[in-house]
Amino acid sequence: MELNWSTFLLEIINFLVLVWILKHFLYKPILDVIARRRAGIEDRLAKAQQLHDEANTLKTEYENRLVDWEHERQQARATLAQELNEERVQKIKSLQISLEQEREKSQVAESRLRTKTARAIEYNALQQSAQFATRLLTRAAGPELEERLFDLLVDNLSNLSADQVAALNTQWSEKTKTITVASAYPLTDIQQKTLEKALTKMSGLAVPVLYEQHSDLLAGLNIMIGAWILHTNIRDELKGFTEFAYATKQ
């Protein structure tokens with residue numbers, strides 16, 4: 001077979017034309033498509049990496065936030081426990097103060113009740129004693145008892161010290177004109193003279209002595225010098241005893 005150089009040359013030219021056509025109309029668009037796809041893939045990969053990084057960042061922030069929340073929760077719990085403990089301590093103190101006040105009130109009330117009961121018992125005892133003494137002295141009252149009271153009075157008046165006499169002299173004024181002596185039973189002349197001597201020494205007054213008889217005195221005497229009164233009789237002594245019993249009740 002004989003080589004035809006013209007045909008061979010045309011084949012070469014056709015091949016080169018085909019290569020140019022393929023390169024210009026086929027390879028270049030394919031390469032452009034591949035390049036665009038590669039760029040799109042790289043862009044998506046970049047975005048995916050960005051999203052991944054953002055996701056990691058959010059995860060880290062979330063984890064840090066969880067740590068912060070746990071710390072805040074523990075701190076809040078500790079604060080709440082401290083506040084509850086302080087409130088409990090305060091309520092316990094308030095309760096102790098209230099109980100102490102109630103205990104003091106109870107003690108005061110109990111003390112008042114004991115005092116009132118003791119006063120009632122004492123008052124009843126004094127009342128009974130006063131009633132007994134009244135009955136006893138009323139039955140025992142008579143001239144003999146009055147005579148003994150008279151002797152006791154004269155003896156006390158005669159034995160007063162100078163200071164006591166001076167103190168008694170301040171009880172009446174110079175306007176005192178008389179001394180009144182009341183007795184349950186009539187006094188004898190000797191008793192009157194003895195009493196007048198003791199009264200003159202005691203009072204320093206040289207004034208008339210008037211005598212009266214009051215049977216309600218039961219026994220004893222009642223002496224008045226101006227506004228000053230000396231009781232030495234059963235009636236006034238019993239009255240004073242009864243008044244003391246009443247004052248004790250108050």
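Looking at heavy atoms from C-beta onward, Asp151 lies in side-chain contact with Glu147 at the 4.5 angstrom threshold. Under the 4.5 Å side-chain criterion, counting only non-hydrogen atoms from C-beta, Glu70 is in contact with Arg73. Residues Arg112 and Val108 form a side-chain contact, since some pair of their non-hydrogen atoms from C-beta on lies under 4.5 Å apart. Contact check for Lys91 versus Leu95: no side-chain heavy atoms found under the 4.5 Å cut-off.
Results of the side chain to side chain contact (heavy atoms under 4.5 Å, CB included) test with Ile179 over Val209, Leu195, Thr200 single out Val209 as the only residue that passes.
Around CD1 of Ile190, the count of heavy atoms belonging to other residues, nucleotides or ligands within 6.0 Å does not exceed 12. Heavy atoms of other residues, nucleotides or ligands lying less than 6.0 angstrom from NE2 of His214 number more than 12.
A distance of 14.0 Å separates CZ of Arg65 from CG of Leu58, quoted to the nearest 0.5 Å. Interatomic distance, CD of Glu87 versus CG of Leu80, reported as 9.5 Å (0.5 Å rounding). Of the inter-residue distances, the one linking Gln101 atom CD with Ser94 atom OG reads 10.0 Å to the nearest 0.5 angstrom. Atoms CD and CD, on Gln90 and Glu83 in that order, are 13.5 Å from each other to the nearest 0.5 Å. The CD atom of Glu110 lies 12.5 Å from the CZ atom of Arg103; values are rounded to the nearest 0.5 Å. A distance of 10.5 Å separates CD of Gln75 from CD of Gln82, quoted to the nearest 0.5 Å.
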Could you give me the CA-CA distance, side-chain angles and deciding distance for Lys193 and Glu196, then say whether salt bridge (charged side-chain N to carboxylate O under 4.0 Å, His left out) is met?
-> CA-CA 5 Å; Lys193 290 179 180 180; Glu196 290 172 6; over 6 Å; no
Assess whether side chain to side chain contact (heavy atoms under 4.5 Å, CB included) is satisfied between Ile41 and Arg44, documenting all intermediate values.
-> CA-CA 5 Å; Ile41 291 171; Arg44 287 194 293 272; 3.4 Å; yes
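Put simply, the side chain of Thr60 gets close to the backbone of Asn56: a donor and an acceptor are under 3.5 Å apart. Judged purely by atom type and a 3.5 angstrom limit, Thr57 uses its side chain to pair as donor or acceptor with the backbone of Asp53. Side-chain atoms of Asp43 never come within 3.5 Å of backbone atoms of Ala39 as a donor-acceptor pair (strictly under, hydrogens ignored).
Residues Glu54 and Lys47 are not paired through a salt bridge, judged by the lack of any N-O separation under 4.0 Å between the basic side chain and the carboxylate.
Summarising the geometry of Gln191 relative to Pro186, their closest heavy-atom pair is OE1-O, 4.4 Å, with the distance given to 0.1 Å. Nearest heavy atom pair, residue Pro208 against residue Lys177, reads CD-O, 3.3 Å.
Inspection of the Gln96 and Glu100 side chains reveals no N or O donor paired with an N or O acceptor under 3.5 Å.
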